[in-house]
Amino acid sequence: MRHNGASWKLPGTSVSASMTERRKQFPFAEFEPRWQRHWDEHRTFSVPNPGEPGFDPVKPKFYVLDMFPYPSGEGLHVGHPEGYTATDILARYKRMRGFNVLHPMGWDAFGLPAEQFAIRTGQHPSVATARNVERFKAQLKKIGFSYDWRREINTTDPEYYLWTQWIFLRLYHAWFDPEANAARPISELAEKRRGELPDESAADLRAFLDRHRLAYVSEAPVNWCQELGTVLANEEVVDGKSEVGGFPVVRRPMRQWMLRITAYADRLLEELEGLDWPESIKALQRNWIGRSEGAEAHFQIDGQPESITVFTTRPDTLFGATYVVLAPEHPLVPTLTSASQRAAVEAYQTQVAAKSDLERTDLAKEKTGIFTGGYVINPVNQEKVPVWIADYVLATYGTGAIMAVPAHDERDYDFAQKFGLEIRPVVAPAKPVEGCFTGEGTSINSGFLNGLATPDAKRRVIERLEQQGSGRRTVNYKLRDWLFSRQRYWGEPFPIVWRDGRHEALPEAALPVIPPPLEDYRPTGTIEPPLSKARDWIRLPDGATRELNTMPQWAGSCWYYLRYLSPHEHGRFVNAEAERYWMSGGKPGGVDLYVGGTEHAVLHLLYSRFWHKVLYDLGYVSTIEPFQRLVNQGMILGQDNHKMSKSRGNVVNPDDVIADYGADALRLYEMFMGPLEATKPWSMSGVEGVYRFLARVWRLVMEEDQEGRWQLSRTVTRQALTPAQRKVVHATIQKVTGDVEALAFNTAIAQLMIYVNEFTGAEVRPVEAVRTLLLLLNPFAPHLTEELWEQLGREFAPEFPGLVSGQRWPEFNPAYLAEDQVEVVLQVNGKLRDKITVHKGLENEALEKQALSSPKIQEHVAGKTVRKVIIVPDKLVNVVAG
RNA sequence: GCCGAUGUGGCGGAAUGGCAGACGCAACGGACUUAAAAUCCGUUGACCCGAAAGGGUCGUGCGGGUUCGAGUCCCGCCAUCGGCACCA
């Protein structure tokens, strides 16, 4: 018998033969590549844009997007295909439902690893990048994803980053108009300014405009990582170390490009509301933006003309402010410091400056600080209070100064306790509290605020401050402007030149600005970027010099979903008609479904939303948000329940899974593991389980002849379905349709297994049942279903035309699900005691009578009084007895 | 500390307030086979009573509550994971 395929095994070899030596249960290794080639050659999944040949304007559109990968040298791991399989199933399903489906893929290919590889080899990073892209693409194609590969993009392609640079110029040439709450061309601001100040010098006007651009130059302290030779965004610094590599990061002032994302803080917050995103991701973004309402109050410096402005969310506690604290870096520290304290203050400043961010936060539980010797005047009661400096006050938040209310703020309380400062209660809690009370209550010891509830007191005191001109209502954000330049080679160069110490935008005609080839890609070891080595490239003929920084890796991913819409468009970053078509839908966001990992919850997703809003304000796109619905796929752990890592040796490579079980089994298992959003461990036994399921599907249709060749099974006939079979068929259509819409793929697959189990034991397999199965299974297992569809077409041509992926999704008929008999559960006091079968729609009274006449029910109510009978028609009867 | 998510068999996981454990894995038994693998059929939450047929009790992290009825809703804890963390 040919089933002995593995019987040549040598004695002494392991009992469990690896799948590669074991005979495959169905010839996936033969037909999977064949169908992949077919789809490729026939461009089966290409979708035209409006106006292109073959475009069907009647169909609704569906834009389903994956977070594109960074093509690392490592290749794919099984975590990548999880989200990709989910979107692919939905894309294939939506096509069968008659949608124009946009389902593209591309490469986020700028980044440090390729640059470091270039440093090691001296080879241009584009070479390694191209190689990695080819590898990733081949791997993805082996899984049978239905991407429209004609729309493939690569952020390192000059044709692509030309438009990244172009968008940067839009930011550079724009400002945020607070009245319109939107970005406007900077030319409008210039015009307005000339109207207001006609005599202003050109240089002053220029400086004014430069202060308002959405892309601007700042000298502020930045996160400098010596090891990486670059600055990093706040978001890229974790616990005082670089997110990439874990190298030390120090703060130092440098001239850097910034993007004014803070101008959009409110819109980024409010416009989250209309999006179908997980609440947890919205919460992360809200938290990152960190909006807090409060007031600024000015404290006049005793004996000096200047005043200190503090920010507080509790202006109602102003009467309890017994001292003021400045961040050690605050510019007014020298002004305040008395001669006798000067040495001590400077020593403290030096000590703080030497601390890393980590030491200043996590490790510094014990408060430190020092008295400046200066005093300020409390604006509500004219009280003279001492001014301290302490590193628990952050220079980068609010005004870098606080009024300390130790009775009602934990941090101030700790500090006051340590340094013996006055603690004066000004808010009475509803119930007495020990120590520091930070909640709301009633104002006491607070002059004109006495007796007011906290919200009223806040309002009243702000009114007073505003009348006096000593403060105002204000809002603060944790969100900082986005540090947008990096000292790297392998990134987009800025379309900026410098002349006489001033920056100038290059004209659009000068784009793309292509990085020069270098002999040596190493960091310079100083703050000079690697591009400084390209002496000839730097100097332009007209005497200007190029900007030497490059953009961060986030730049390209900020707008890639737009380039897919018209990847080969010349003259514009996106074709306007294509943009209107694919991003339309009457909802705030344009992409219908976006699937990716949680790791991008704040960075990529916030930056993209920001750029998108700028483009919207300037009239370049038609929606206010990029992504309508967002789903995060969960992490896939190794078989040992730990995060997959090389060092643990628990990494599962999809290529190996495909070699042993096929792409369809990989896809099916990725989805069968559990809910898409959940974190869950890999299991090779689980893969075998779905592999066996696919083999059963195969053998439903195919059987082996004497020579072991696969041929169409004689059990497949044009026989009609039995009522029971028809019920399973239609119940499955209903369940799978609903589950796919809800992205509940694991339960959809479970239902398909029930379907197959129903027919596995059957003597004959009605061809109609097989046909419906192939339609329902196609989005999950496209190769197997395509192959069986073709095989069946030889015998049953009318039922199996063309490709299965080109067919209409089946509809279920509720009439076939209706039953005239239903099983009703009988309970006594909520406990199951019996089940009876009755006619569907049986009247309550009749049902109750039948239930009470059940011997088992009678047994359980014996000796008790029936107090009540709860009836759920066609479902349940609960007899309450006692 | 704050915010968010998650706790269900040996394992992955199912369950519009109405039969807890669908489906799969693993395990066990049977058929086929000289034998094994593969395949097919069956059993499988725990405990108790019974020779058996069958019957009973308990059971969704813990403690309360609402309800005729709670894995599901409410209150209070505990644990694990993720994020933020002196943000005034």
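Lettering follows sequence order; numbering is per chain, from 1. Here the structure is a predicted model, which is why all the values come from computation and not from measurement.
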Mind listing the N/O atom pairs, protein and nucleotides 8-12 of chain B, below 3.5 Å?
unit_1	atom_1	unit_2	atom_2	d
B:G12	O2'	A:Met673	O	2.7

Inset, instruction - Using the ring of A:Tyr392 (Phe, Tyr or Trp, six-membered ring only), decide whether A:Lys367 places NZ or CZ under 6.0 Å from its centre and within 45 degrees of its axis. - result: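 Checked: cation-pi criterion met.
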Inset, instruction - Please determine if a side-chain N or O atom of A:Arg699 lies less than 4.0 Å away from the OP1 or OP2 oxygen of B:C40. - result: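 Yes, such a contact exists.
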Inset, instruction - Please determine if a side-chain N or O atom of A:Arg286 lies less than 4.0 Å away from the OP1 or OP2 oxygen of B:C2. - result: no
Distance-only criterion, 3.5 Å: show the donor-acceptor pairs between side-chain atoms of residues 863-872 of chain A and protein atoms not counting sequence neighbours.
unit_1	atom_1	unit_2	atom_2	d
A:Arg867	NH2	A:Gly882	O	3.4

Legend entry - Out of B:U57, B:G18, B:C40, whichever nucleotide has its closest atom nearest the side chain of A:Arg696: B:C40
Legend entry - Partners passing side-chain hydrogen bond (donor to acceptor under 3.5 Å, both in side chains) against A:Thr732 (at least two apart in sequence or in another chain): A:Gln751
Inset, instruction - Could you pull out all residues at least two apart from A:Glu763 that satisfy side-chain hydrogen bond (donor to acceptor under 3.5 Å, both in side chains)? - result: none
Using atom [atom1] of each nucleotide, how far apart are [N] and [M] to the nearest Å?
| N | M | atom1 | result |
| --- | --- | --- | --- |
| B:C28 | B:U33 | P | 23 Å |
| B:A36 | B:C11 | P | 31 Å |
| B:G7 | B:G61 | C1' | 6 Å |
| B:C41 | B:C25 | P | 12 Å |

Legend entry - Contact residues, residues 739-761 of chain A to RNA chain B [heavy atom, < 4.0 Å]: A:Asn746, A:Thr747, A:Ala750, A:Met753, A:Ile754, A:Asn757
Inset, instruction - For RNA chain B, determine which residues of residues 400-410 of chain A have any heavy atom closer than 4.0 angstrom to one of its atoms, and list them numerically. - result: A:Ile402
Inset, instruction - Sequence neighbours left out, what passes salt bridge (Lys or Arg N to Asp or Glu O under 4.0 Å) with A:Glu296? Give chain and number order. - result: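 Salt bridge (Lys or Arg N to Asp or Glu O under 4.0 Å) list for A:Glu296, sorted by chain: A:Arg472.
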Inset, instruction - Examine the base of B:C86 for any acceptor or donor lying under 3.5 Å from a partner atom in the side chain of A:Lys367, and report the outcome as yes or no. - result: yes
Legend entry - Side chain A:Lys868 and base B:C68 donor-acceptor under 3.5 Å: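 Between B:C68 and A:Lys868, which were checked side chain against base, a qualifying N/O pair under 3.5 Å is absent.
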List the residues meeting side-chain contact (heavy atoms from CB on, under 4.5 Å) with [X], not counting sequence neighbours, and say none if there are none.
| X | result |
| --- | --- |
| A:Met684 | A:Gln639, A:Val652, A:Val657, A:Tyr661, A:Trp682, A:Val687 |
| A:Asn378 | A:Phe299, A:Leu318, A:Ala321, A:Val380, A:Asn381, A:Glu383 |
| A:Asp640 | A:His642, A:Arg648, A:Asn650 |
| A:Ile733 | A:Val729, A:His730, A:Thr737, A:Thr772, A:Leu776, A:Pro810, A:Phe812 |

Inset, instruction - Scan A:Asn878 against the nucleic acid and name what it touches under 4.0 Å (heavy atoms): base, sugar-phosphate only, or nothing. - result: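 Base: the residue A:Asn878, judged by heavy atoms under 4.0 Å, touches a nucleobase.
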Legend entry - Sugar-phosphate, base or nothing in reach of A:Lys643, heavy atoms under 4.0 Å: nothing
Legend entry - Residue pairs passing the ring pair (Phe, Tyr, Trp, His ring centres under 6.0 Å) test where at least one lies in residues 857-882 of chain A, sequence neighbours excluded: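 Every pair satisfying ring pair (Phe, Tyr, Trp, His ring centres under 6.0 Å) with a residue in residues 857-882 of chain A: there are none.
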Inset, instruction - Establish, yes or no, whether a centroid distance under 6.0 Å links the rings of A:Tyr755 and A:Phe693. - result: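 No - the distance between ring centres of A:Tyr755 and A:Phe693 does not fall below the 6.0 Å cut-off.
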